[in-house]
K.L.:
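Dumping the structure here so I can ask a few things about it.
From a predicted model like this one, the values you see are computed outputs, not experimental measurements.
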Amino acid sequence: QVQLVESGGGLVQAGGSLRLSCAASGFIFSVNVMGWYRQAPGQQRELVAAIPSGGMPDYADSVKGRFTISRDNAKNTVYLQMNSLKPDDTAVYYCKLSNIRSTTLSYIYWGQGTQVTVSS
């Protein structure tokens, strides 16, 4: 049983910054991946960034150099620092946890989403 709670969304001007947080509670597997996805109106949900429990982060090409994902394992919290925001970054941002049981089985959990709006 896992719950993910996001915070930090809001309205910012192009070029501004936001920091999203996602706090996980419940049973978190020792092998896991936490990440951020986003979904704009009429679009599919897409990966923004992900970071494994003990590995290197991965970023969508569209955010490389602007966004930084990090995690605090003691607090079971993942962050997304978003700099140089663009109107195209406007979306609902969702936190995701993958509890990895094996190479072929993972348990997926999603947060409720937080709105990020970037004005031009």
K.L.:
In this structure, would Val63 and Tyr94 fall into the same cluster of hydrophobic residues linked by side-chain contacts under 4.5 Å?
P.N.:
no

K.L.:
Applying the 4.5 Å side-chain criterion to the ILVMFWY set and letting contacts propagate, would Leu105 and Leu97 be lumped into a single cluster?
P.N.:
yes

K.L.:
Going hydrophobic residue to hydrophobic residue with side-chain gaps under 4.5 angstrom, can you get from Val33 over to Ile69?
P.N.:
no

K.L.:
What I want to check is whether the side chains of Lys96 and Tyr37 have a donor and an acceptor closer together than 3.5 Å.
P.N.:
yes

K.L.:
Would you check if the distance from the ring center of Trp36 to the ring center of Phe67 is below 6.0 Å?
P.N.:
no

K.L.:
Is Arg71 positioned over the aromatic face of Tyr79, cation under 6.0 angstrom from the ring centre and no more than 45 degrees off axis?
P.N.:
no

K.L.:
Out of curiosity, does Leu18 fall in the hydrophobic cluster containing Val92 (side-chain heavy atoms, cut-off under 4.5 Å, transitive links)?
P.N.:
no

K.L.:
Tell me the side-chain hydrogen bond (donor to acceptor under 3.5 Å, both in side chains) pairs involving residues 80-92, sequence neighbours left out?
P.N.:
Ser17-Asn83, Arg38-Asp89, Arg66-Asp89, Gln81-Asn83

K.L.:
Check for me whether the distance between the ring centres of Tyr107 and Tyr109 falls short of 6.0 Å.
P.N.:
no

K.L.:
Can I get a per-line list of side-chain donor-acceptor pairs under 3.5 Å for residues 47-57, giving both atom names and the distance, sequence neighbours left out?
P.N.:
| unit_1 | atom_1 | unit_2 | atom_2 | d |
| --- | --- | --- | --- | --- |
| Ser53 | OG | Ser30 | O | 3.2 |
| Ser53 | OG | Asn32 | N | 3.3 |
| Ser53 | OG | Asn32 | O | 3.4 |

K.L.:
Kindly say whether Thr104 contributes a backbone atom to a donor-acceptor pair with the side chain of Ser102 at under 3.5 angstrom?
P.N.:
yes

K.L.:
Tell me whether Ile100 is reachable from Ile28 by hopping between hydrophobic residues (I, L, V, M, F, W, Y) whose side-chain heavy atoms are closer than 4.5 Å.
P.N.:
no

K.L.:
State whether the side chain of Glu6 and the backbone N or O of Gln112 hold a donor-acceptor pair below 3.5 Å, judged by distance alone.
P.N.:
yes

K.L.:
Measuring from Met82:CE to Arg19:CZ, what's the distance to the nearest 0.5 Å?
P.N.:
11.5 Å

K.L.:
Counting N and O atoms only, with roles assigned by atom type, does the side chain of Asn99 sit under 3.5 Å from a partner on the main chain of Phe27, one being a donor and the other an acceptor?
P.N.:
yes

K.L.:
Does CD belonging to Gln3 count more than 12 external heavy atoms closer than 6.0 Å?
P.N.:
no

